[in-house]
Structure formats: structure tokens, C-alpha cells
Amino acid sequence: KIGSGTMYGATGNMMKKGWIRETLSDNPNDKRKRLYELTDAGREVLELEIQRLKYLVEISEKVIKED
């Protein structure tokens with residue numbers, strides 16, 4: 001579970017880095033709701049992170065099989 005302060009901080013950092021941008025809300029009457037979408041740069045970072053995590057899983061599986 002992620003706290004609201006953590007989420008606001010992470011969202012702000014991703015916006016500063018240009019990984020996400022705010023988009024139009026699906027409910028304009030709800031002023032508190034925020035929606036975000038990935039930018040092209042954010043998609044690239046996400047794809048690299050997925051590759052990194054897959055590599056870690058692969059290495060971990062090799063370690064487990066060696067035992």
C-alpha cells in the first residue's frame with residue numbers, strides 16, 4: 001500500500017523528468033482527481049526497467065537452479 005505523500009512525491013518526480021504528463025480527467029466535476037499518461041520518454045524508461053527486472057529474474061532463476 002502506497003501512502004498519499006509517497007504517491008504525490010513519485011508523481012511529481014516523474015513529471016519533472018518528463019516521464020508522465022497530466023491528461024484530461026474523465027470527470028471534470030471532480031477537481032481532486034488527476035489522470036496521467038506516459039510520455040514517449042516515460043515509455044522508453046519503462047521498457048528499460050522491464051528489461052532490467054527480467055534480467056534479475058533470469059539471474060535469480062540460475063542461482064536457484066545451482067543449489
Side-chain angles (χ1 to χ4, degrees):
K1 189 172 181 177
I2 298 174
S4 59
T6 302
M7 187 58 146
Y8 289 130
T11 302
N13 286 335
M14 288 187 283
M15 287 183 70
K16 286 177 190 173
K17 292 177 180 180
W19 296 349
I20 62 172
R21 64 178 156 251
E22 194 167 351
T23 187
L24 295 176
S25 174
D26 57 350
N27 183 357
N29 296 324
D30 186 356
K31 303 294 182 195
R32 296 174 14 154
K33 184 175 181 180
R34 301 282 187 256
L35 294 178
Y36 301 92
E37 63 186 2
L38 280 174
T39 62
D40 290 340
R43 187 167 305 282
E44 287 179 35
V45 170
L46 177 59
E47 288 173 359
L48 289 171
E49 182 64 4
I50 290 169
Q51 289 176 10
R52 186 186 75 83
L53 292 172
K54 283 181 179 179
Y55 176 74
L56 290 175
V57 168
E58 181 182 316
I59 294 297
S60 300
E61 287 174 339
K62 287 180 181 179
V63 168
I64 289 173
K65 288 178 183 175
E66 290 177 0
D67 286 345

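Predicted model, so just to flag it, every value in this text is computed and none were measured.
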Does atom [atom1] ([X]) have a neighbourhood of more than 12 heavy atoms from anything else shown, all under 6.0 Å?
X: Y36; atom1: OH; result: yes
X: I2; atom1: CD1; result: no
X: L56; atom1: CG; result: yes

Task: I20 side, atom CD1; M14 side, atom CE - distance, nearest 0.5 Å - done: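 That separation rounds to 4.5 Å.
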Task: Separation of E37 CD from R43 CZ (nearest 0.5 Å) - done: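 With rounding to 0.5 Å, CZ (R43) is 9.5 Å from CD (E37).
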TODO: Give a yes or no on whether a salt bridge exists between E58 and K62, defined as a side-chain N under 4.0 angstrom from a carboxylate O.
DONE: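 Yes, E58 and K62 are salt-bridged.
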- [ ] Using the salt bridge (charged side-chain N to carboxylate O under 4.0 Å, His left out) rule, take E61 and K65 through it: C-alpha gap first, then chi angles, then the decisive distance, then the call.
- [x] CA-CA 6 Å; E61 287 174 339; K65 288 178 183 175; 5.4 Å; no
Open item on the list: Name the residue from K17, M15, K16 that meets the side-chain contact (heavy atoms from CB on, under 4.5 Å) definition with W19.
Closed with: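 Going through the options one by one, the only one that passes is K17.
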Open item on the list: How close do G18 and A41 get, counting heavy atoms only, and between which atoms?
Closed with: O-CB, 3.9 Å
Open item on the list: To check you understand the geometry: which heavy-atom pair defines the closest contact between L38 and L46, and what is its length?
Closed with: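 Shortest heavy-atom separation between L38 and L46 comes out as CD1-CD2, 3.8 Å.
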Open item on the list: Using the rule that Ile, Leu, Val, Met, Phe, Trp and Tyr join whenever any side-chain heavy atoms are under 4.5 Å apart, tell me whether Y55 and I50 fall into a single cluster.
Closed with: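 No, it is not one cluster - the side chains of Y55 and I50 are not joined through contacts under 4.5 Å.
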